[in-house]
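Protein chains get the first letters and strands the later ones, always in sequence-line order, with residue 1 at the start of each.
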Number of protein chains: 2
Amino acid sequence: MTGTNTGPHPAPTDSSRIHAILGMVGDKWSLLVVCNLRHGPRRFTELKRAIDGVSQRMLTVTLRNLERQGILTRTIHQVMPPHVSYELTPMGATLCATALPMVEWAFENSARIDDARTKYDARALKTG
Amino acid sequence: MTGTNTGPHPAPTDSSRIHAILGMVGDKWSLLVVCNLRHGPRRFTELKRAIDGVSQRMLTVTLRNLERQGILTRTIHQVMPPHVSYELTPMGATLCATALPMVEWAFENSARIDDARTKYDARALKTG
DNA sequence: CAGTATCCTAAACGATACTG
DNA sequence: CAGTATCGTTTAGGATACTG
């Protein structure tokens with residue numbers, strides 16, 4: 001993983017670095033945005049519609065953040081009516097490739113997780 | 001992705017569901033914990049040492065949460081001195097398999113991201 | 001060793017209103 | 001259309017002290 005750490009587990013310093021990066025690009029809205037750009041550029045309103053539940057503010061914040069980290073580009077088209085499109089950079093495309101399996105995992109396992117949580121809570125009630 | 005959605009993008013309802021699941025198991029500490037259990041069971045203090053920067057409280061909270069979602073099991077060993085070990089469930093192992101590439105991506109791209117951020121901020125200063 | 005409990009601050013987030 | 005600005009609430013999370 002590190003290129004220098006040959007042991008079975010990451011060295012301590014790796015964790016803080018990884019943690020920082022995951023904090024920048026690995027939050028839930030960011031992964032959903034990145035996955036929604038996998039087929040090419042999309043406009044603000046398209047993303048807003050596609051990512052159900054995201055507020056206008058959070059979508060703006062997330063897009064600015066991803067642009068800042070070099071994950072996507074923002075292009076203003078001076079046509080009538082004017083509009084803005086977002087597109088993955090090459091680095092963003094590689095993130096998309098690794099993020100998609102995670103998103104698919106989340107979808108495929110949602111029922112199993114709901115189930116586990118219900119059981120855990122029921123057991124916690126009895127135990128106290 | 002959904003099994004029923006054949007379009008190029010996920011249906012609106014998928015997003016909220018995926019968002020919820022990612023919020024439960026996809027946060028940064030959770031992914032690091034899961035990855036640190038990939039070679040088998042580990043004890044609380046081992047994880048604390050391995051995941052540099054995590055507070056005792058956050059590690060406890062994260063572990064309880066992952067146990068609740070059925071990602072890992074918690075086992076109390078009544079030996080002297082007594083200790084507790086954590087181990088991935090089969091579902092946890094599949095999460096680990098999809099999370100590892102993301103964590104590796106984060107590590108491999110940290111320099112590139114730092115770079116992009118620096119450039120963005122420099123440009124933002126000039127533009128205002 | 002492996003936690004729990006409490007306090008407290010900073011960040012995330014939603015709602016709403018306004019704009020080029 | 002694609003935002004920005006402001007406000008108020010909720011949540012995350014660190015520090016610290018204590019425990020079976």
>> So, applying salt bridge (charged side-chain N to carboxylate O under 4.0 Å, His left out) with A:D115, which one of A:R112, A:K119, A:R117 is it?
In response: A:K119

> Taking CG from B:L22 and P from C:dA12, how many angstroms apart are they, rounded to a whole number?
Replying inline: 18 Å

> For D:dA2, does OP1 or OP2 lie under 4.0 Å from any side-chain N or O of A:T45?
Replying inline: yes

>> Given A:N65, which partner from the list A:E67, A:Q69, A:R68 fulfils the side chain to side chain donor-acceptor pair (under 3.5 Å) test?
In response: A:Q69

> A:K28 or A:Q56: which one's nearest nucleotide on DNA chain C is closer to the 5' end?
Replying inline: A:K28

>> Can you tell me how the ring of B:W29 sits relative to the ring of A:H19, calling it parallel under 30°, perpendicular over 60° and tilted otherwise?
In response: parallel

> Which residue lies toward the 5' end of DNA chain C, A:D27 or A:P82, if each is placed at its nearest nucleotide?
Replying inline: A:D27

>> So, does A:R43 get its side chain near the phosphate of D:dA2, meaning an N or O under 4.0 Å from OP1 or OP2?
In response: yes

>> Let's see if you can work this out: which of C:dG3, C:dC1, D:dC1 has an atom nearest to the side-chain heavy atoms of B:R74?
In response: C:dG3

> Any luck finding a side-chain donor-acceptor pair between A:R17 and B:S110 under 3.5 Å?
Replying inline: yes

> For the pair made of CD1 in A:I76 and P in D:dT4, what is the distance, rounded to whole Å?
Replying inline: 10 Å

> D:dG20 pairs with which nucleotide, Watson-Crick or G-U wobble, both distances below 3.5 Å?
Replying inline: C:dC1

> Rounded to whole angstroms, how far apart are CG on A:L32 and P on C:dC13?
Replying inline: 12 Å

> Which whole-number value in Å describes the distance from A:L59 CG to C:dA12 P?
Replying inline: 16 Å

> C:dT16 C1' sits how many Å from A:M58 CE, rounded?
Replying inline: 17 Å

>> Go nucleotide by nucleotide along DNA chain D from the 5' end; which of A:R64 and A:R57 gets its closest nucleotide reached first?
In response: A:R64

> Considering only C:dG3, D:dG3, C:dG14, which nucleotide approaches the side chain of A:F44 most closely?
Replying inline: D:dG3

> Looking at A:K28 and B:D27, does any basic side-chain N land under 4.0 Å from a carboxylate oxygen?
Replying inline: no

>> Check this one for me: any side-chain N or O of B:Y86 less than 4.0 Å away from OP1 or OP2 of C:dG3?
In response: yes

> What is the distance, rounded to the nearest whole Å, between atom CE of A:M80 and atom P of D:dA2?
Replying inline: 13 Å

>> Rounding to an integer number of Å, can you tell me how far B:R49 CZ sits from C:dA2 P?
In response: 9 Å

> What integer distance in Å separates A:L47:CG from D:dA2:P?
Replying inline: 9 Å

